[in-house]
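In each ligand, atom 1 is the first atom listed, and ligand 1 is the first ligand listed.
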Amino acid sequence: MTSSDKRRGGMESTRKVAIIGAGVSGLACIKACLEEGLEPVCFEQHDELGGVWYYTDEPRPNQGATIYKSLVSNRTKEMMSFSDFPQPKEAPPFLPYTQVHSYLQEFADKFELMKFIQFGVQVQHIWRADDYVTSGKWMVRTAPVATDNNKNTSPQTSLFDSVMVCSGHFSKPFVPKVPGLEEFTGVVQHSRDYNGAESFKGRKVMVVGGANSAGDVAAEVAQVASVVYLSVRDGTWLFPRLAGGGKPRDFCIQRARQNLPEWLKRILLRRQCNAFLDHENYGLEGCKDPIYGSTMINDEIAFRLATGKVVTRTVVERFTRTGAVFTDGSKIDQLDAVIFATGYNVAIPFLESDILPRDVGDLELYKMMFPARLPHSTLAVIGCVGTIGPIFPVLEIQSRWAARVFSGHCPLPDPQSMQEWLRSNREKCKSKIGRVSLMVCTLPYCEDIAQELGVRPSFWQLLPRDPYLAYLVYFGPAFPTHYRLVGPHRWAGAARHVKMAVNNTYSATRKSAQKPEDCLSAKVTIVKVMFTSLCVIALGIVIGISY
Ligand SMILES: Cc1cc2nc3c(=O)[nH]c(=O)nc-3n(C[C@H](O)[C@H](O)[C@H](O)COP(=O)(O)OP(=O)(O)OC[C@H]3O[C@@H](n4cnc5c(N)ncnc54)[C@H](O)[C@@H]3O)c2cc1C
């Protein structure tokens, strides 16, 4: 075995991969392993797949983040689909959580993933095998989770060639340490335990936080509460789900825009946000740019602000027995409840801290996935990121890359180059947002990983093959299906779906029974003719200039 084979963890034929968790990431990993000829074994501590999308009225034992009953996805169904498994036509553009869960189940059924999942089995500990130095292998200790029917929780230890950690990074609810909180006599809750607004009827409530959960909870509680105070640290940028003409906002994620200079992107984004709602007039303004500041995708909160049911406040300086004092000196009294929608801490308790440090700043994950201090690339962490943009495409492309690295088709660079990447990423983070963070921008990040995988579509390569497809890939929304057009594990239906995706989005909301295919084919012909003519003219000009 050569030393580079060793870095890849060897080249044996069937390599066993332990996958921890059967949420979106775990499912994507099982499929990616199968595509790469690996043998996946997925351990899921609960009795269902779906991770956060598996809703129960009470949080399950050992559960990290939870969703609430009223949750509707903040990304379109197209951006919340796997690259080769489109969402159903009948589904609305934005999905209630039940439909996201059904989609995940259908995905697992279609690709026969269920047989690789061991439900009700918790991973307790992962450590290096005795011969790790030469083999890169891992020991994984699992134990069945005790239930009414099963009291046998004897642990079992197995050897694996590689490990994919898909346990969800939203693990432990984070509540900031605010002086006086322990003296406050009202209800104190984290959004993880929020389960509907009924108990806040007629109450004076404060929601702390400036991101999506804070917006969802504040808007819902405001329907029944006497008033909701929204305490936001450094403002937040409010984005509605829909832009002009009811076009989903995440359709603005396009390669053409990505290539604009950063200063222009910032101006455009700031303008778009303020065109929807002047942030200063509604108390949401902060000092950070929309790209790096806190963002809230919400359609209802603007109306609640405008009708005085939600009132913004700055940071809480301290709590009193019955209220709160803010950093600008203002006060609230007779406060009945505080809901902290302040996010989660990263926790991967089954990995030792020398493999994955507890502190986000020390994580040292090459491209947010591979612990760079390990001598073998046989362990990957999937989904340990926050995204500016949809997260599904990130989880899937990470899964595909990890599987391809494990199968030996995509070796990682040498340790020095990985350290160099970490150093420059740290500097970039610090200069842009003032600290090391797990945030990535969906499209540039996916493009980078897709390049590693060899699945990044190129406008110029697609142009001669199919000009309209090239146009859509560059100027249209960057759908996950784009990463099945070229390279390994292409999907034969990808080009057709790219052309149909916008229609698929609206197919459930249109009134007429017009077949999307009919309207598409007419448009395709027109755009093809226009686009090809433009290309010919441009080519003519270029040739003319060169001679
Ligand atoms: C309130 C909320 C709202 C959200 N809204 C959206 C949205 O609208 N759109 C969107 O795209 N994303 C949304 N997200 C992000 C969401 O987290 C991702 O879409 C995605 O589901 C993450 O999947 P995952 O598989 O990485 O993690 P999870 O979904 O957290 O899955 C992890 C799985 O690992 C299992 N597990 C953990 N530890 C162990 C162990 N030791 N042994 C065995 N199994 C284990 C867990 O039981 C779980 O099933 C939201 C998240 C939250 C919390």
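Aromatic ring centroids of W401 and F370 lie under 6.0 Å apart.
Both tests do not hold together for R249 against F276: distance to the six-membered ring centre under 6.0 Å, angle to the ring axis within 45°.
The two residues F479 and E78 have their closest heavy-atom pair at CE2-CB, 3.5 Å.
Nearest-residue assignment for atom 5 (N) of ligand 1 (options W53, Y97, F43; heavy-atom criterion): W53. When G51, A347, G389, A65 are checked for heavy-atom proximity to atom 31 (O) of ligand 1, G51 turns out nearest.
For ligand 1, the atoms sitting less than 4.0 Å from at least one non-hydrogen atom of T66 are 1 (C), numbered in the order shown with element in parentheses. In summary, the atoms of ligand 1 found under 4.0 Å from a heavy atom of V121, numbered by their order in the structure, are 43 (C). Short contacts between ligand 1 and M80, defined as distances under 4.0 Å to a heavy atom of the residue, involve ligand atoms 9 (N), 10 (C), 11 (O). Remark: ligand 1 atoms within the under-4.0 Å shell around heavy atoms of V24 are 20 (C), 21 (O), 23 (O), 25 (O). Below 4.0 Å from some heavy atom of S167 lie the following atoms of ligand 1, by number and element: 32 (C), 34 (O), 37 (C), 38 (N). Counting atoms of ligand 1 from 1 in the listed order, those under 4.0 Å from a heavy atom of F350 are 41 (N). Residue C166 approaches ligand 1 through these ligand atoms, each under 4.0 Å from one of its heavy atoms: 32 (C), 33 (C), 34 (O). The contact set between ligand 1 and S25, taken as ligand atoms under 4.0 Å from a residue heavy atom, comprises 24 (P), 25 (O), 26 (O).
The line from CE of M139 to OH of Y132 is 14.5 Å long, rounded to the nearest 0.5 Å. Here the CD-CG distance, from Q99 to L104, works out to 12.0 Å after rounding to the nearest 0.5 Å.
In this structure, a donor-acceptor pair under 3.5 Å is present between the side chains of D57 and Y55. One side chain, Y445 or Q398, offers a donor N or O that lies under 3.5 Å from an acceptor on the other. There is a side-chain donor-acceptor pair under 3.5 Å between Y194 and E220. Counted by atom type alone, Q258 and E447 present zero donor-acceptor pairs between their side chains at under 3.5 Å. A side-chain N or O of W138 and one of T378 form a donor-acceptor pair less than 3.5 Å apart.
Of all the heavy atoms of T142, none lies under 4.0 Å from any atom of ligand 1, so neither backbone nor side chain is involved. Residue-level proximity to ligand 1 for F392 is carried by the side chain, the only part with a heavy atom below 4.0 angstrom.
With hydrogens left out, the protein atom closest to atom 34 (O) of ligand 1 is G21 CA, 3.1 Å, a heavy atom. Closest to atom 27 (O) of ligand 1, if we only count protein heavy atoms, is G168 CA, 3.4 Å. Nearest non-hydrogen protein atom to atom 18 (C) of ligand 1 is I391 CG2, 3.7 Å. Of the protein's heavy atoms, Q45 N, 3.3 Å lies nearest to atom 43 (C) of ligand 1. The protein heavy-atom contact nearest to atom 3 (C) of ligand 1 is L71 CD1, 3.6 Å. The protein atom (non-hydrogen) at minimum distance from atom 47 (O) of ligand 1 is E44 OE2, 2.7 Å. In this structure, atom 29 (O) of ligand 1 lies nearest to the protein heavy atom V52 N, 2.9 Å. The protein heavy atom nearest to atom 2 (C) of ligand 1 is I67 CG2, 3.8 Å.
Of the polar atoms of G383, none of the N or O atoms is found under 3.5 Å from an N or O of ligand 1, judged by distance alone. Any N or O atom pair closer than 3.5 Å counts here, and Y344 shares no such pair with ligand 1. Distances between N or O atoms of S213 and those of ligand 1 include no value under 3.5 Å. Residue H46 has at least one nitrogen or oxygen atom sitting less than 3.5 Å from a nitrogen or oxygen atom of ligand 1, judged on distance alone. An N or O contact shorter than 3.5 Å is missing between Q122 and ligand 1 by distance.
T66 contributes a side-chain N or O that, together with a main-chain N or O of R192, makes up a donor-acceptor pair within less than 3.5 Å. In this structure a side-chain-to-backbone donor-acceptor pair under 3.5 Å is missing from T387 to T442.
There is no protein heavy atom closer than 4.0 angstrom to atom 50 (C) of ligand 1.
Taking a cutoff of 4.0 Å between a charged side-chain nitrogen and a carboxylate oxygen, R484 and E35 qualify as a salt bridge.
Each of F340, Y344, F174 was evaluated against H190; a single residue qualifies, Y344, per the ring-ring contact (aromatic ring centres under 6.0 Å, His included) test. Each of V140, L159, L38, D161 was scored for a side chain to side chain contact (heavy atoms under 4.5 Å, CB included) with K16, with one residue passing: D161.
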